[in-house]
Amino acid sequence: MDSNKPIVDSPEVENGTAQNAGEPLNTTDTSNLEAVAAERDRLLAERADLQDRLLRRQAEFDNFRRRAERERADVLEYAHTETIRSLLPILDDFERALKVESADKEYARGMELIYQRLADSLKKLGLEPITSAGEKFDPNLHHAVDSAETDDVEDHTILDEYQRGYNFRGKLLRPAMVKVAVRKS
């Protein structure tokens with residue numbers, strides 16, 4: 001080996017591309033830097049675009065998941081509502097049967113217990129009776145099927161309830177059929 005030759009420590013010196021500190025960059029080095037900078041900018045823009053697309057897809061998926069969950073809950077709610085609605089005539093029949101006097105007290109007590117168990121079970125599911133007698137008529141909760149002229153009570157007061165109304169989980173399931181007081185003219 002030649003002892004006068006400098007030792008090569010860096011790739012720039014080895015490739016012969018090292019610049020002296022005071023020398024200006026030549027045009028090939030400037031164009032290489034511009035190309036690298038342009039490639040870097042393109043890759044950064046592509047990365048930002050991919051990041052944005054990923055975030056949008058995640059948000060779309062989260063929205064889809066929430067919507068599917070809500071729709072599933074609505075279907076279950078609707079199924080429960082229809083089941084409860086189909087049981088209301090049975091509950092009405094029990095109420096009418098309990099109003100009839102029976103000679104057999106054991107039988108009457110049995111009917112009352114069955115009615116109470118059914119009513120309690122439906123209440124646990126979310127069924128709530130609407131109180132009507134003596135209340136002010138509300139067209140959102142009551143269905144007026146009869147009226148009576150009277151001065152004994154305030155106008156539009158419910159005198160009698162023909163069929164009980166029910167709310168199910170906070171929503172009206174069936175309006176109450178009622179008789180309403182009207183002022184004598």
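Just the heavy atoms: all of them, side chains too, but no hydrogens, waters or symmetry mates, feed the values below. Keep in mind it's a predicted model, so treat the numbers as computed, not measured.
More than 12 heavy atoms of other shown residues, nucleotides or ligands fall within 6.0 angstrom of atom CD in Glu39. When the shell of 6.0 Å around CZ of Arg57 is examined, it contains 12 or fewer heavy atoms from other residues, nucleotides or ligands.
With Asp92 as the fixed residue, the salt bridge (charged side-chain N to carboxylate O under 4.0 Å, His left out) test singles out one of Arg174, Lys99, Arg85, Arg164: Arg174.
Placement of Leu98 and Leu122 within a single hydrophobic cluster is found when ILVMFWY residues are connected by side-chain heavy-atom separations under 4.5 Å, directly or transitively. Under the 4.5 Å side-chain heavy-atom criterion for grouping Ile, Leu, Val, Met, Phe, Trp and Tyr, Ile130 is not connected to Phe94 through any hydrophobic cluster. Residues Ile90 and Tyr107 are members of one and the same hydrophobic cluster, defined by side-chain heavy-atom contacts under 4.5 angstrom among Ile, Leu, Val, Met, Phe, Trp and Tyr. Residues Leu173 and Met177 do not share a hydrophobic cluster, clusters being chains of Ile/Leu/Val/Met/Phe/Trp/Tyr side chains in contact below 4.5 Å. One hydrophobic cluster, built from ILVMFWY side chains closer than 4.5 Å, cannot hold both Leu91 and Leu141; they sit in different ones.
Taking both residues in full, the closest heavy atoms of Ile158 and Lys136 are given as CD1-O, 4.2 Å, listed atom of the first, atom of the second, then distance. Closest of all the heavy-atom pairs between Ser132 and Val178 is CB-CG1, 4.0 Å. When every heavy atom of Glu95 is checked against every heavy atom of Tyr166, the shortest pair comes out as OE2-OH, 3.3 Å. Considering all non-hydrogen atoms of both residues, Ala181 and Thr150 come closest at CB-CG2, 3.7 Å. Heavy-atom minimum distance, Phe168 versus Leu125: CE1-O, 3.4 Å. The minimum heavy-atom distance between Leu172 and Asn140, with the atom names listed, is CD2-O, 3.1 Å.
Here the side chains of Val180 and Leu159 are not in contact, with every heavy-atom distance at 4.5 Å or above.
The backbone N or O of Leu118 lies less than 3.5 Å from no partner atom in the side chain of Lys123, so there is not a single donor-acceptor pair.
Taken from CD in Glu71 to CG in Asp74, the straight-line distance is 7.5 Å, to the nearest 0.5 Å. Expressed to the nearest 0.5 Å, how far CG of Leu44 lies from CG of Asp49 amounts to 12.5 Å. The CG atom of Leu50 sits 9.5 Å away from the CZ atom of Arg47 when rounded to the nearest 0.5 Å. The OG1 atom of Thr83 sits 11.0 Å away from the CG atom of Leu88 when rounded to the nearest 0.5 Å. To the nearest 0.5 Å, atom NE2 of residue His142 and atom NE2 of residue His156 are 13.0 Å apart.
Using a cut-off of 4.0 Å between Lys/Arg side-chain N and Asp/Glu carboxylate O, Arg56 and Glu60 are scored as not salt-bridged.
Using modelled atom types and a 3.5 Å distance limit, the side chains of Asp120 and Gln116 yield a donor-acceptor pair.
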Verdict with supporting geometry, Asp146 and Asp160, side-chain contact (heavy atoms from CB on, under 4.5 Å): CA-CA 9 Å; Asp146 194 9; Asp160 196 11; over 6 Å; no
Worked verdict on Arg67 versus Phe64 for side-chain contact (heavy atoms from CB on, under 4.5 Å): CA-CA 5 Å; Arg67 187 173 48 250; Phe64 168 76; 3.9 Å; yes
From CA spacing to verdict: salt bridge (Lys or Arg N to Asp or Glu O under 4.0 Å), Glu69, Arg66: CA-CA 5 Å; Glu69 176 99 11; Arg66 280 190 218 107; over 6 Å; no
CA sep, side-chain torsions, deciding dist, call: Gln163, His143, side-chain contact (heavy atoms from CB on, under 4.5 Å): CA-CA 10 Å; Gln163 186 180 48; His143 179 70; over 6 Å; no
Audit row: Asp151, Arg183, side-chain contact (heavy atoms from CB on, under 4.5 Å) steps and yes/no: CA-CA 6 Å; Asp151 288 329; Arg183 289 262 180 232; 4.0 Å; yes
